[in-house]
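Everything on this sheet refers to the single structure shown next.
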There are 2 protein chains.
Amino acid sequence: MNIKDIAKISGVGISTVSRVLNNSGVVSDATRARVLAVVKQHNYVPNSNARNLKKTQSNTIALMVKGISNPFFANMIKEVERQVHLRGCPLMIQHVEDGVDEIAAAMQLIKEKNLCGVIFMGGTYDHSEEEFRQLGVPFVLTTITTLKEVDPSAYSSVSIDDVKSAYKATSYLISMGHRNICFLARFPFRENTIGSRRLLGYKKALEEHGIEYDPALVEDCEYAPSFGFAAAKRLLNKNLGVTAMFAASDAIAIGAAKAVLSSGLSIPGDISVVGFDGIEMAEYYHPSLDTVSQPGVEMAHVSVEILFDLIAGETTNRHVVFESMLVKRGSSRKVN
Amino acid sequence: MNIKDIAKISGVGISTVSRVLNNSGVVSDATRARVLAVVKQHNYVPNSNARNLKKTQSNTIALMVKGISNPFFANMIKEVERQVHLRGCPLMIQHVEDGVDEIAAAMQLIKEKNLCGVIFMGGTYDHSEEEFRQLGVPFVLTTITTLKEVDPSAYSSVSIDDVKSAYKATSYLISMGHRNICFLARFPFRENTIGSRRLLGYKKALEEHGIEYDPALVEDCEYAPSFGFAAAKRLLNKNLGVTAMFAASDAIAIGAAKAVLSSGLSIPGDISVVGFDGIEMAEYYHPSLDTVSQPGVEMAHVSVEILFDLIAGETTNRHVVFESMLVKRGSSRKVN
DNA sequence: CTGGTCTGTCGAATCGTTTCGATACACATC
DNA sequence: GATGTGTATCGAAACGATTCGACAGACCAG
């Protein structure tokens with residue numbers, strides 16, 4: 001069942017059917033009604049391959065996400081899907097494995113599928129401005145850090161201020177009298193990853209309060225409970241008199257909290273714990289975990305909005321920085 | 001840059017380029033090498049819209065998932081993505097909102113995009129055999145229950161035995177002396193949802209051990225911590241002398257555990273808690289939660305395998321039922 | 001030398017759309 | 001009656017791939 005069949009059955013020309021379906025050009029009401037009736041009756045759905053081929057562009061959006069099983073991303077992905085869908089566009093979600101070049105992967109998809117836009121989510125990108133420009137379609141970087149210096153006019157982004165957010169959490173702990181605060185995050189050996197940015201905020205807070213930075217208090221760990229657990233165990237074994245832990249994600253914080261509790265220590269009695277992200281599970285942990293919460297769903301929403309603005313012809317790129325929020329639930333307390 | 005350009009630059013015919021790219025037909029080694037060099041040099045990627053149009057079928061797979069933000073699905077989705085990707089096929093992930101007809105949505109995508117296969121994940125389907133047959137492409141139902149009786153030869157599926165799994169968990173609690181065991185799950189007013197199947201297993205275990213089924217011990221609640229929390233609160237307020245809680249998902253169990261702990265009761269001292277699914281967070285909860293674990297990643301893997309077998313021409317549908325595993329971690333204990 | 005087979009290649013038709021230029025008719029204007 | 005201006009429609013040429021039938025040359029057999 002193709003447009004030709006519909007045309008024949010409706011007794012009109014092919015182009016008339018096309019104009020009806022696309023609401024383009026003029027068609028008399030009578031003809032329109034007749035065509036639509038036939039379309040509905042036969043459950044006709046236009047073939048998007050043919051359409052995209054002819055138009056040399058599709059309405060498909062791709063979401064390239066690093067860490068698709070990260071619980072913080074789960075709700076963001078859902079929101080992206082919802083918003084894109086709402087605008088009548090199909091969405092392709094592609095998980096980007098560690099070590100693959102996100103831009104190259106997107107590039108391939110763009111050429112292959114004539115994508116009309118891309119959202120990149122999560123990770124640290126090591127690409128030059130030139131590489132971004134070569135994409136050739138609108139795109140948004142959501143919760144992504146870039147290693148190379150890239151002209152802000154060359155891309156759009158949605159993020160929070162990681163340095164400031166980590167500073168906030170650390171200052172909060174310091175204000176409650178903590179001096180030996182450890183920090184758990186993932187930092188590969190390079191600058192400007194999410195982890196290193198948060199480390200920067202952590203250091204800054206220490207410095208401003210005259211506390212010397214001690215590398216022994218910092219543990220490298222992936223964004224998952226099992227790694228947080230192991231890292232916290234290592235730290236506790238060092239016997240450094242830690243009274244507070246700040247984790248760069250709630251998943252880490254949950255693992256770390258488990259390590260603390262299963263060592264027979266209490267939270268916040270012996271050790272205060274603060275996480276990052278604001279996932280639902282952290283709230284229902286016992287004790288409920290304090291965290292620096294990112295407005296993930298809104299961030300996803302705005303990402304889609306920016307993308308569609310760009311697709312609609314908007315030429316100036318936007319950079320939206322959301323405010324993170326320190327959520328106090330009782331997993332930290334004052335010490336003297 | 002299209003196939004014509006590549007042909008011209010390579011000094012060969014269009015069809016020769018096509019045969020090189022598809023490894024079809026005979027091409028001399030010299031010609032093949034020359035064409036491939038040109039392809040690489042110009043970063044040429046064939047346009048899949050044109051290809052799919054001509055072939056009247058694409059290699060795209062769709063994943064229709066109900067509850068995309070469910071943490072149990074997160075790893076499954078990742079695995080599906082990985083496996084499909086590994087086979088060189090693009091994946092479209094579509095979240096199915098409550099109340100939309102999954103099959104109709106898939107049908108539309110299939111016609112529109114000439115999909116070559118679909119995986120349906122999660123939810124309860126109210127479709128007739130006829131509707132499944134109309135899909136016209138291979139598909140697999142993963143962790144899905146069907147309301148209507150459907151001939152098993154008409155579809156493939158991957159699942160666990162929900163009745164048996166719930167029976168296992170309930171029997172475990174009973175064997176430790178519990179009599180007042182409550183059950184938390186989502187059951188709309190119909191048979192054969194995941195929730196009602198697990199309820200069946202719960203009832204069966206009670207019955208076999210001569211414990212009368214008390215509807216007051218069953219609470220309806222969505223698969224998320226906040227709902228589990230509220231449901232458990234309601235239960236505790238009834239003062240029914242509950243000593244154990246069995247939740248139909250770990251997310252519910254975590255919420256319920258929070259309710260128990262924040263009421264000043266202890267787990268497993270006062271109340272034993274058993275969840276369902278086997279998500280990582282449940283293990284890192286404190287106390288670590290006992291659960292009936294489903295091998296989600298394997299289930300996803302097998303789903304993709306079955307799907308590709310069907311696409312490859314396999315004509316008999318398969319139904320793989322995985323064994324769930326009772327994981328004891330210490331959130332339940334003996335009572336007398 | 002003729003005819004047959006094999007190898008490597010090519011051109012053209014085709015997939016199902018969109019869209020541009022053409023056309024046909026009705027009606028008004030001069 | 002010739003001309004102009006809408007309005008509603010149509011046909012045909014694309015879009016970029018695949019694939020089938022055709023064909024040229026090499027080689028061998030008779």
Side-chain angles (χ1 to χ4, degrees), chain A residues 1-36 38-39 42-60 88 90 108-116 136-137, chain B residues 1-36 38-39 42-60 88-90 108-116 136:
Chain A
M1 184 60 58
N2 57 25
I3 200 173
K4 214 160 159 185
D5 298 327
I6 298 293
K8 201 175 298 170
I9 298 173
S10 314
V12 300
I14 292 176
S15 50
T16 300
V17 176
S18 175
R19 269 165 13 240
V20 168
L21 293 171
N22 295 286
N23 273 322
S24 62
V26 268
V27 182
S28 70
D29 288 348
T31 309
R32 154 166 289 118
R34 191 149 34 101
V35 170
L36 286 178
V38 174
V39 165
H42 292 78
N43 272 320
Y44 165 70
V45 179
N47 180 307
S48 74
N49 288 130
R51 163 178 293 171
N52 296 341
L53 172 59
K54 182 58 182 106
K55 309 227 289 190
T56 57
Q57 66 141 312
S58 76
N59 61 344
T60 303
Q108 166 129 2
L109 260 189
I110 289 167
K111 282 189 190 173
E112 204 176 296
K113 301 272 174 191
N114 291 119
L115 297 184
C116 69
V137 300
Chain B
M1 185 58 62
N2 57 26
I3 199 172
K4 214 161 159 184
D5 299 328
I6 299 293
K8 201 174 297 171
I9 298 173
S10 316
V12 299
I14 292 176
S15 50
T16 300
V17 177
S18 175
R19 271 165 11 241
V20 168
L21 293 171
N22 296 284
N23 273 321
S24 62
V26 267
V27 182
S28 70
D29 288 347
T31 309
R32 153 165 290 116
R34 190 149 34 99
V35 170
L36 286 178
V38 174
V39 165
H42 291 79
N43 271 321
Y44 165 70
V45 179
N47 180 308
S48 73
N49 287 131
R51 163 178 292 171
N52 296 341
L53 173 59
K54 181 61 182 100
K55 309 227 288 190
T56 58
Q57 66 141 312
S58 76
N59 61 345
T60 303
C89 297
Q108 165 127 4
L109 260 189
I110 290 168
K111 282 188 190 173
E112 204 177 296
K113 301 272 173 190
N114 292 118
L115 297 183
C116 69

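Residue numbers start from 1 in every chain, and the chains themselves are labelled A, B, ... in the order their sequence lines are given, proteins ahead of strands.
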Next item on the list: To the nearest Å, give me how far apart CD (B/E112) and P (C/dG16) are.
Entry: 15 Å
Check: Quick one: B/N52 CG to D/dT19 C1', roughly how many Å, whole number?
Finding: 16 Å
Collect all protein-nucleotide pairs involving nucleotides 21-24 of chain D in which both atoms are nitrogen or oxygen and the distance is under 3.5 Å.
none

Checklist line | Distance-only polar pair, side chains of B/N47 and A/N114, donor-acceptor under 3.5 Å | finding: yes
Checklist line | Reported CD-to-NZ distance for the pair B/Q108 and B/K111, which is rounded to 0.5 angstrom | finding: 8.5 Å
Notebook entry, point to check: To 10°, what angle do the rotation axes through the five end pairs on each side of the helix from C/dC1-D/dG30 to C/dC30-D/dG1 form?
Noted result: 70°
Item checked: Euclidean distance, atom CD of residue B/Q57 to atom C1' of C/dG16 [Å, nearest integer] -> 16 Å
Check: If only atom types and distance count, is the side chain of B/K113 paired as donor or acceptor with the main-chain N or O of A/P90 below 3.5 Å?
Finding: no
Next item on the list: For A/S28, enumerate each residue passing the side-chain hydrogen bond (donor to acceptor under 3.5 Å, both in side chains) test, keeping only those at least two apart in sequence or located in another chain.
Entry: A/T31
Note to self: So B/S18, base contact, sugar-phosphate only, or nothing? Heavy-atom distance under 4.0 Å.
What the structure shows: base
Item checked: d(CG, A/L53; C1', C/dT19) in whole Å -> 14 Å
Item checked: Criterion side chain to side chain contact (heavy atoms under 4.5 Å, CB included) against B/N49, the qualifying member of A/T56, A/T60, A/L53 -> A/L53
Checklist line | Residue pair A/L115 / A/V137: nearest heavy atoms and the distance that separates them | finding: O-CG1, 3.5 Å
Checklist line | Presence of A/N2 side-chain N/O under 4.0 Å of C/dG16 phosphate oxygens OP1/OP2 | finding: yes
Checklist line | Rounded distance in Å - NZ (A/K54) to P (D/dC15) | finding: 7 Å
Next item on the list: Please collect all side chain to side chain donor-acceptor pair (under 3.5 Å) contacts where either partner lies in residues 8-18 of chain A, sequence neighbours excluded, each pair once.
Entry: A/S18-A/N22
Check: Of all heavy-atom pairs between B/C116 and B/S58, which one has the smallest distance, and what is that distance?
Finding: CB-O, 3.2 Å
Checklist line | Spatial distance of atom CG (B/L21) from atom OH (B/Y44) [nearest 0.5 Å] | finding: 6.0 Å
Next item on the list: Provide, to the nearest angstrom, the distance between the CG atom belonging to B/N114 and the C1' atom belonging to D/dA17.
Entry: 14 Å
Note to self: Please report the distance, rounded to the nearest Å, between NZ in B/K55 and P in C/dT17.
What the structure shows: 19 Å
Checklist line | Atom pair CD1 (A/I14) and CD1 (A/I6), whose distance is rounded to the nearest 0.5 Å | finding: 11.5 Å
Checklist line | Derivation and outcome, side chain to side chain contact (heavy atoms under 4.5 Å, CB included), residues A/H42 and A/D5 | finding: CA-CA 10 Å; A/H42 292 78; A/D5 298 327; over 6 Å; no
Next item on the list: Using a cut-off of strictly less than 4.0 Å, decide whether A/Y44 has a side-chain nitrogen or oxygen near OP1 or OP2 of C/dG16.
Entry: no
Item checked: Those residues of residues 4-17 of chain A lying under 4.0 Å from DNA chain D by at least one heavy atom -> A/G11, A/V12, A/G13, A/S15, A/T16
Note to self: Quick check: closest heavy atoms across B/R32 and B/V20, and the distance to 0.1 Å?
What the structure shows: CA-CG2, 4.0 Å
Checklist line | d(CD1, A/I3; P, D/dA13) in whole Å | finding: 18 Å
Notebook entry, point to check: In residues 22-33 of chain A, what residues come within less than 4.0 Å of DNA chain C, judged by heavy atoms?
Noted result: A/N22
